[in-house]
Amino acid sequence: MSTIQPVRGTHDLIGENQRRHSHVVSAARRISALYGFGEWSTPIFEDTRVFSRSLGDTSDVVSKEMYSFSDRDGESITLRPEGTAAICRALVTNGLTQSLPQKVFYAGPMFRYERPQKGRYRQFHQIGVELMGAAEPQADAEVIALGYQILQDLGVAEHVTLELNTLGDAASREAWREALIAYFSRYKDQLSEDSRVRLEKNPLRILDSKDRSDRALVADAPQMAEFLTPEASTFWDDLRRTLDNFGISYRVNTSIVRGLDYYNHTTFEFVTDKLGSQGTVMAGGRYDGLVKQMGGPAVPSVGLAAGVERLSMLLDTAPESARPVIIVPVGSPAEGTVFKVLQSLRQQGVYVEMGYRGSLRKRMERAGKQNAAYVLFLGEDEVERGVCRIKHMESGQESEVTLDSVLSDAATFFLSGEKAAI
RNA sequence: GCGGAUGUAGCUCAGCUGGUAGAGCGCCGGUUUGUGGUACCGGUUGUCGCGGGUUCGAGCCCCGUCAUUCGCCCCA
């Protein structure tokens, strides 16, 4: 084929897919508003340093997955691989570190140069929230509760479990990290090839390994809990207690370490077994040091992000498209009347289309295919008498009403409990 | 970046040991322009992913390439 194909890992959102997608985004936006999160939109590309500085040089995202290029001035630009770093940059550059806390919702495309798979694309979409300027574990719980409510609202909560972990504060994390390096170094020859690389780059990731012999070693590895400072320990206890009070159940999973370097204290993932190996559907954590790395003051923060494509795939049913009222002229009714009715209904907020091609039979057939809620017949004879016929498509029932009543109060006929209304 | 599978009509797929492409669904039209979702009749659709090779002849065999998909890595 000589037709041009979409770029690898990109996809068009059309019809049912777009409806699923929109449904996920608008649900997330609506629920976020209930928790006081307002929407920000930041640029789709940023100075490369926004990401290289924040995500960690050894993270895969920075080391091999960024879509970076030089613009015409030779400046290094990167298509955003995630949302948090950009939101933090926006917080700083807009001077909003003076008015904390800030509660932000965002939605939009992200870009990572990866091998595409089901639920993983090179251009994909995320929704996310960031609560910046709150050091208390209650903030973490609030963000998790918000995420959970989004999943509930979408009807996918029962397919998803919350896995929770703590990385402790900087001191705890460093002590643990060193203990892990010491431990795994002792068994270096038993580690998988991947994990030997991890030992150099990011030893915490070994805990997440799926390799059989790695798992055996991991079972006896030093636990984070042993290294928590008293402060970090209190934070962890408070978080779990607050989640209990929110009525949110979770499973502690000490292998949730997250791939991006900026996390501390809380990390969590909502995972499902319905998407193959792309099981993480929503994830986040606390990042107390990130805003400072962006050149701002220390602003303790917590947030989460979710993959819209993955959530869309979990939706049991696609949202239905709106059902129109379809006007079908029969015979040759006065044109003036036909268009007057058509536009009047639209002005009154009713979704209407007109069928004016083919035989009456054809017009009805098309109305059926468009899943019309009603057909409004404007028959030549009726129009002369000042009336029209309205057919309810599901029941097939038909009734005659005056044109005046349709023109003055369409709601009576079309907006009550029917999807024809928008 | 690594390993496996798969690419035939808009969709789902069939196509024998190589002999110049089929079905169902959909789509369009019709069953006298006053009534759809059922039924019947007719019609439409392809450079068989792309490029090369073997052969008298390739959808089928070989090589390459691109894409999709599953797993690994990583991540939403």
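Below, each value reflects all heavy atoms present in this structure, side chains not excepted, and no hydrogens, waters or symmetry copies. First the proteins, then the strands, lettered A, B, ... as listed; each starts at 1.
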- prompt: Relative to the 5' end of RNA chain B, which residue comes earlier, A/S395 or A/H125, by the nucleotide with the nearest heavy atom?
  reply: A/S395
statement: Re B/rU45: Watson-Crick or G-U wobble partner, both distances kept under 3.5 Å, found to be none
message: I'd like to know whether the aromatic ring centres of A/F414 and A/Y374 sit less than 6.0 Å apart in this structure.
response: yes
message: Can you list everything that forms a side-chain hydrogen bond (donor to acceptor under 3.5 Å, both in side chains) with A/D381? Sequence neighbours excluded, please.
response: none
Any residue meeting side-chain hydrogen bond (donor to acceptor under 3.5 Å, both in side chains) with A/H21, in chain and number order, not counting sequence neighbours: none
query: Who does B/rA14 pair with, Watson-Crick or G-U, both distances under 3.5 Å?
result: none
field: Pairs touching residues 329-338 of chain A that satisfy side-chain hydrogen bond (donor to acceptor under 3.5 Å, both in side chains), sequence neighbours left out
entry: none
- prompt: Listed by chain and number, what are the side chain to side chain contact (heavy atoms under 4.5 Å, CB included) partners of A/T93, not counting sequence neighbours?
  reply: A/R89
- request: Rounded off to whole Å, could you give me the CZ-to-P distance for the A/R122 and B/rC66 pair?
  value: 11 Å
Donor-acceptor pair between A/T402 and A/D404 side chains, under 3.5 angstrom: no
query: Got a donor-acceptor pair under 3.5 Å from the side chain of A/R115 to the base of B/rC75?
result: no
message: Let's test this: given Watson-Crick or G-U wobble pairing with both distances under 3.5 Å, identify the partner of B/rU68.
response: B/rA5
task: Could you check how far CD of A/E163 sits from P of B/rC75, rounded to whole Å?
output: 15 Å
- prompt: Are A/N253 and A/N165 close enough that a side-chain donor and a side-chain acceptor fall under 3.5 Å?
  reply: no
message: Walk along nucleotides 30-35 of chain B from 5' to 3' and tag each nucleotide B, S or - by protein heavy-atom contact under 4.0 Å, base first, then sugar-phosphate.
response: SB-SBB
Base paired to B/rU31 (Watson-Crick or G-U; both N/O distances under 3.5 angstrom): B/rA39
- prompt: Using purine N1 to pyrimidine N3 plus N6-O4 or O6-N4 for Watson-Crick, or N1-O2 and O6-N3 for G-U wobble, both under 3.5 Å, which nucleotide pairs with B/rG57?
  reply: none
message: When the C1' atoms of B/rG29 and B/rA21 are compared, how many Å lie between them, rounded to an integer?
response: 26 Å
task: With C1' as the reference atom in both, quote the distance from B/rC28 to B/rG49 in angstrom, rounded to an integer.
output: 28 Å
statement: The residue, A/A372 or A/K118, whose nearest nucleotide of RNA chain B is more 5′ is A/A372
message: If you compare every side-chain N and O of A/R8 against the phosphate oxygens of B/rU68 (OP1, OP2), does one of them come in below 4.0 Å?
response: yes
query: Which part of the nucleic acid, if any, lies within contact of A/M393, taking any heavy atom under 4.0 Å across all strands shown: a base, the sugar-phosphate backbone alone, or nothing?
result: base
query: Taking only residues two or more places apart in sequence, or in another chain, which ones meet A/S395 in a side-chain hydrogen bond (donor to acceptor under 3.5 Å, both in side chains)?
result: A/H392
- prompt: When you measure from the side chain of A/E114, which nucleotide among B/rC75, B/rC74, B/rG36 comes out closest?
  reply: B/rC74
task: Using a 4.0 Å heavy-atom cut-off across all strands, classify A/G147 as base, sugar-phosphate, or nothing.
output: nothing
A/N17 CG to B/rC11 C1', straight-line distance once rounded to whole Å: 14 Å
task: Side chain of A/Q117 only, please: which of B/rG29, B/rA76, B/rC70 is the nearest?
output: B/rC70
